[in-house]
Amino acid sequence: MELVNQSSSGRFILLGLSSDPYLKVFGFIAFLGMYFITLLANLLLMIAVKINPKLKTPMYFFLTNLSIIDICFSTTVVPKILQNTLSKDRSISLPDCAVQMYCHLAFGATECLILAAMAYDRFVAICKPLHYNTIMSKKTCICMAAASWTASFTNSTIQVIYTFQMSFCRSHHVNHFFCEMPPFFQISCSDTWLHEVSMYITAGIIVSLSFFFILISYIHIVSTVLKISSSDGRHKALSTCASHMIVVTLYYGTIMILYLRPRSHSSPDIDKSISVLYSAVTPMLNPIIYSVRNKDVKGTIKRNPMKQSPQ
């Protein structure tokens, strides 16, 4: 079975964010800056977790996974945006497009599941503190992370192969800045109904169920926190969840709008704006949000990592 329907050109043209030369310059500087901050902030967070014994906990194990995902997620999209902004040739080959779509879907879904695992970690820490070390053992954490990565990459394989079975005879001009599933439905001359249903089902399973799991976890957390008598105890318990709640709101909000919204309500310009938020902005903000609210992380980053590294 061929992965793609071959065409006369064998390439897609990514129209990008704007054709205005001034906006292109601004976009290039903005994306370059966001990409640099994404790499630097996530790498610093990973180094802090590596060298600080206080951060050898399940929460920071999942946070390290999240940093790896954010670096890969951003790298899947941003370098191609920068290249297309500078180059007159904005085309991308079918295999490259398929790989970009595959990686983007896989890392995006993995982030959803890892965020759900982090919510479960907070639930156990606050609601079952005496059993925390037993429940969130190293083996359990590795299994949860491995299951998240495996399920996401398996789903991405199926979705990409299924998407590129469509025929693209109308146009090869993709009104987007990278290869994402929704814009390809618009340029296909095949019946896309089954493909769209498949996307909604898988997005519903991964995104909605993960979000529902997070919601249930936080309902139990809030219920437990309200039973704490001291205000300091309540504040301390909730402060450990604040960063995670902010990240979940940013990421799931944009993902749900893009992938669970009916096609009749979609707009290319709005879709591109939403894609910028969760593909470039969120990976940059995640490590900053976690670092700003954590004294141990901030303290480790402020010190010289080279002096702290084990011999």
Side-chain angles (χ1 to χ4, degrees), residues 35 38-39 41-43 45-46 49 58-79 98-122 136 138-163 178-182 198-215 217 243-260 274-275 277-287 289-290:
Y35 187 55
T38 298
L39 295 179
N42 280 289
L43 286 172
L45 183 56
M46 291 166 64
V49 173
M59 183 178 74
Y60 288 100
F61 168 77
F62 290 121
L63 192 54
T64 299
N65 274 263
L66 191 64
S67 290
I68 294 171
I69 292 166
D70 284 337
I71 290 173
C72 295
F73 199 29
S74 186
T75 300
T76 300
V77 175
V78 177
V99 170
Q100 186 182 56
M101 184 182 293
Y102 170 77
C103 293
H104 185 266
L105 284 172
F107 291 122
T110 307
E111 181 152 346
C112 285
L113 297 176
I114 290 295
L115 287 173
M118 293 173 72
Y120 179 71
D121 170 74
R122 292 299 84 203
M136 297 303 296
K138 184 177 180 180
K139 181 179 179 181
T140 300
C141 293
I142 292 173
C143 288
M144 292 175 68
S148 299
W149 286 84
T150 302
S152 300
F153 276 77
T154 301
N155 169 69
S156 180
T157 301
I158 296 170
Q159 290 299 312
V160 170
I161 291 176
Y162 194 41
T163 297
F178 69 98
C179 295
E180 194 171 22
M181 286 176 63
S198 173
M199 183 188 73
Y200 288 135
I201 290 174
T202 55
I205 292 173
I206 294 175
V207 179
S208 298
L209 288 184
S210 297
F211 183 75
F212 181 73
F213 183 82
I214 293 171
L215 188 62
S217 297
S243 298
H244 183 256
M245 287 190 288
I246 295 171
V247 170
V248 166
T249 302
L250 286 172
Y251 188 71
Y252 276 86
T254 53
I255 287 288
M256 286 181 168
I257 291 173
L258 185 62
Y259 281 94
L260 298 179
I274 294 171
S275 295
L277 286 176
Y278 81 84
S279 298
V281 178
T282 302
M284 175 189 68
L285 293 179
N286 284 351
I289 292 169
Y290 277 102

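If you're wondering where the values come from, they're calculated on a predicted model, not measured in any experiment.
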Does the side chain of Asn65 reach to within under 4.5 Å of the side chain of Trp149, using non-hydrogen atoms?
-> yes
Evaluate the side-chain contact (heavy atoms from CB on, under 4.5 Å) criterion for residues Val160 and Val99: first the C-alpha distance (whole Å), next the side-chain angles of each, then the deciding distance (0.1 Å), finally the verdict.
-> CA-CA 9 Å; Val160 170; Val99 170; over 6 Å; no
Are side-chain heavy atoms of Phe62 and Met136 found at a separation under 4.5 Å?
-> yes
If we ignore angles and hydrogens, is there a donor and acceptor under 3.5 Å between the side chains of Ser67 and Tyr290?
-> no
Sequence neighbours excluded, which residues qualify as side chain to side chain donor-acceptor pair (under 3.5 Å) partners of Ser148?
-> none
Parallel, tilted or perpendicular: rings of Tyr251 and Tyr278 (30°, 60°) | perpendicular
Could you grab the distance from atom OG of Ser74 to atom NE2 of His104, nearest 0.5 Å is fine?
-> 9.5 Å
Contacts of Thr157 meeting side chain to side chain donor-acceptor pair (under 3.5 Å) (sequence neighbours excluded), chain-then-number -> none
Heavy-atom side-chain contact between Glu180 and Val77 under 4.5 Å = no
Just wondering, do Leu66 and Asn42 contact through their side chains at under 4.5 Å, heavy atoms?
-> no
Please examine the side chains of Thr75 and Tyr35, heavy atoms only from C-beta on, and report whether any two atoms are closer than 4.5 Å.
-> yes
CZ/Arg122 to NE2/His244 distance, rounded to the nearest 0.5 angstrom?
-> 9.5 Å
Ile71 and Leu43, any side-chain heavy atoms less than 4.5 Å apart | yes
Locate the shortest heavy-atom distance separating Ala109 from Ser152; write the atom from each residue and the value.
-> C-OG, 3.2 Å
List the atom of Cys112, the atom of Val207, and the distance in Å for their closest heavy-atom pair.
-> SG-CG2, 4.1 Å
Spacing of Ser210 atom OG and Leu115 atom CG [to the nearest 0.5 Å] = 8.5 Å
Would you sort out whether Leu105 and Asn155 count as a side-chain contact (heavy atoms from CB on, under 4.5 Å), showing the intermediate values?
-> CA-CA 8 Å; Leu105 284 172; Asn155 169 69; 5.6 Å; no
Those residues that, when tested against Thr150, pass side chain to side chain donor-acceptor pair (under 3.5 Å) (two or more places apart) = none
For residues Met144 and Tyr120, determine if any side-chain heavy atom of one lies less than 4.5 Å from a side-chain heavy atom of the other.
-> yes
So OG1 of Thr163 and CE of Met181: to nearest 0.5 Å the spacing works out to 3.5 Å
Where do Ser243 and Val247 land on the side-chain contact (heavy atoms from CB on, under 4.5 Å) test, with the steps shown first?
-> CA-CA 6 Å; Ser243 298; Val247 170; 5.6 Å; no
Can you sort out the partners of Cys179 under disulfide (SG to SG under 2.5 Å), two or more places apart, ordered by chain and number?
-> Cys97
Can you list the steps and then say if Phe178 with Thr76 is a side-chain contact (heavy atoms from CB on, under 4.5 Å)?
-> CA-CA 9 Å; Phe178 69 98; Thr76 300; over 6 Å; no
Under the ring pair (Phe, Tyr, Trp, His ring centres under 6.0 Å) test, which residues partner Phe107, sequence neighbours left out?
-> Phe153
Closest approach of Phe61 and Ala145, non-hydrogen atoms and distance?
-> CE2-CB, 3.8 Å
Under a 4.5 Å cut-off applied to non-hydrogen side-chain atoms, are Phe73 and Cys103 in contact?
-> no
Any residue meeting side chain to side chain donor-acceptor pair (under 3.5 Å) with Asn286, in chain and number order, not counting sequence neighbours | Asp70, Glu111
Heavy-atom closest contact (Pro287 atom, Pro283 atom, distance) | CD-O, 3.3 Å
Approximate separation, where rounding is to 0.5 Å, of Ile214 CD1 and Leu209 CG = 11.0 Å
Separation between CG (Asp121) and OG1 (Thr140), nearest 0.5 Å, reads 11.0 Å
